[in-house]
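Side chains are part of it too, since the values below use all heavy atoms of this structure and drop only hydrogens, waters and symmetry mates. Counting starts at 1 for both ligands and their atoms, following the listed order.
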Amino acid sequence: MFSEARNDLTSMRICTNYSRNLAVVMSLNKSMHPRNRYKDKPPDFAYLASKYPEFQEHVHTNLSGRAVVNFKEPEAVRALTCTLLKEDFGLSIEIPLERLIPTVPLRLNYIHWVEDLIDGQKQPRRGIDIGTGASCIYPLLGASMNGWFFLATEVDDICFDYATRNVEQNHLSDLVKVVKVPQKTLLMDALKEETEIVYDFCMCNPPFFANQLEAKGVNSRNARRPPPSSVNTGGVTEIMAEGGELEFVKRIIHDSLQLKKRLRWYSCMLGKKCSLAPLKEELRKQGVPKVTHTEFCQGRTMRWALAWSFYDDVIVPSPPSKKRKLDRARKPLSFTLPHVAVKELQVKARALGCTGRHPLEAITTLVEKTLTELRVLHKRVPCREQEQSLLLTAMENTWIHGRQKRREQMRQLRELPRAHQSAAAAATTPSLAQNKHQDATQEPADQQERLEKVAGDDVEMTPGCSTTGPMDATSETSSKRATSPGSAEHFVLKCLLNVLHEESDAVIEMNWVEGENKDLMNQLCTFLRNTLLKAVAKSGTE
Ligand code: SAH
């Protein structure tokens, strides 16, 4: 619980350093739920401080003039949570310093995932929050955002009193009912009076730590982890449960095996990744038909959530690993040419007659030369400033030779025996599984736009370098074969090659358009890299 608060807050602080560390923010944003309002818009501390005097007290200006909050002060953490709930959700809450102080962005991630599970953000839905805490944050968010009804359970007297008050002072008593339950049970007691109602979901932030040592981080995943950047705010029942979260969630699973279809979805947040596999195994052993999970990455560490259902007709959101694999399939292939290599290649290109002064121009010229030698059709296409783009069309695989080609053929024949005819013909076999994700519609938007622009034959080849001498001859050959790679009919591969800057290095990236299989692009990418690096090595020894 403690570390969850820490991570969530760490991530918010990372967010405030937006312009300084865009990469961190981007990776953080990617792992936030797409509907999370803080995904692309981290809290603006300066603005909030100007509007809320009680928050202003906890905001300082650092040396670079940025508004910052000290997350090691529980008062500051509490002030931020209360301020965000007020500003962004119109909620006024009170929380004692000695109980867990929830962090809003992470709680929102879980709420949005529950929306995905029950496939409905706006309809009246019924949920249970097991261990609602003093804040009663999930029911308050779910009720105010989506009009959900909640049964909120709690064992701790202080938490129960605060939660009840927080519901009342936000006039949400019609939607949220807080109940005190005995420690030993989870769902059974809360539901024993209401035998008829079917709940759409239950959610839970279980007490995370098995014992005091774990609570102090002694037994945590990574002993070298940096010290907590926010304070441990949490009472004994909040951060500890006998047997840790694993046992706590197993008890929920046990209850669910009796309650079965009384709830459409059962769900739980997990503080440790290692809890996920044994819990999934438990669900499998018990024959639970629908199981899924997700992950919420917050700054440097993560949280997981598990959900299961006894209904056959529920929509099961895919776990993130599958989505990530898809993302990877869409990513361009790329390699970097370090600054020194770029300098060498400039010299090389000049020797070949390239008069362009820009380093990217020189590299593009060398790439074009190699492509011409490979008889791969290519033409320059409009692109962003400071970049070069080539649309490539290969009519055959000319970059894998002899023994390597036969080895490749054998490999593909082994993998896809029934497609051997086309493999023999094209030296490569279409891999259906791969092609599934390789359609151009999955390219990023601006890439897609550019691909559409070059799809027809209406884009002129942009002469980059004034080519004289040896370069002339090769360009000539290429343009005689076909001047319009975009319109070639029988091809094995089409891709878009970009040459771009990354600080003083150059990066060549290749984006899939269409073709027989993505391995071809992989091989061509390797071939280009080796050719360019060989050229550097040669000029080094000359
Ligand atoms: N949901 C809140 C609080 C989570 S802390 C949040 O996300 O911020 C876990 C809470 O579960 C604590 O408030 C603790 O008192 C409560 N709890 C522990 N065992 C419980 C049980 N058996 N039934 C209900 N609540 C329990």
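For ligand 1, the atoms closer than 4.0 angstrom to any heavy atom of C159 are 13 (O). The ligand atoms of ligand 1 that sit less than 4.0 angstrom from a heavy atom of P207 are 18 (C). Close approach to P102 involves these atoms of ligand 1, each under 4.0 Å from a residue heavy atom: 8 (O). With ligand atoms numbered from 1 in the order given, ligand 1 contributes 24 (C) to contacts under 4.0 Å with heavy atoms of T153. Listed by number with element, the atoms of ligand 1 under 4.0 Å from a non-hydrogen atom of D156 are 15 (O). Ligand-side atoms of ligand 1 in range of Y138: 7 (O), range being under 4.0 angstrom from any heavy atom.
Residue contacts with ligand 1: R251 is placed with no nitrogen or oxygen under 3.5 Å of a nitrogen or oxygen of the ligand (distance criterion only). Between S135 and ligand 1, not a single N/O pair is under 3.5 Å apart. Close N/O approach between G131 and ligand 1 is found [any backbone or side-chain N/O within under 3.5 Å].
We find that D312 and K261 are not joined by a salt bridge, their nearest charged nitrogen and carboxylate oxygen being 4.0 Å or further apart.
Counting heavy atoms closer than 4.0 Å to ligand 1, residue N205 contributes atoms from both its backbone and its side chain. If you look at V181 next to ligand 1, the close heavy atoms, those under 4.0 Å, all belong to the side chain. Only the backbone of T132 comes within contact range of ligand 1, with a heavy atom under 4.0 Å; no side-chain atom does.
Judged by the 6.0 Å and 45° rule, R126 forms a cation-pi pair with F149. Remark: R251 is positioned above the aromatic ring of F248, its terminal NZ or CZ atom under 6.0 angstrom from the ring centre and at most 45 degrees off the axis. Geometric assessment of R165 against the ring of F160 yields a negative cation-pi assignment under the 6.0 Å and 45° thresholds.
Using modelled atom types, one finds a donor on one side chain and an acceptor on the other under 3.5 Å when comparing D88 with Y38. Side-chain atoms of E94 and Y162 form no donor-acceptor pair, as typed in the model, at a separation below 3.5 Å. A side-chain donor from one of T132 and D129 sits under 3.5 Å from a side-chain acceptor of the other.
Using bins of under 30°, 30° to 60° and over 60° for the plane-to-plane angle, the ring pair F310/Y266 lands in the perpendicular bin.
Note on ligand 1: R107 sits in its first shell, one or more heavy atoms being nearer than 4.0 Å.
For the atom pair OG of S92 and NE2 of H171, the computed distance is 8.5 Å after rounding to the nearest 0.5 Å.
Of the candidates V155, L186, L106, the one placing a heavy atom closest to atom 18 (C) of ligand 1 is V155.
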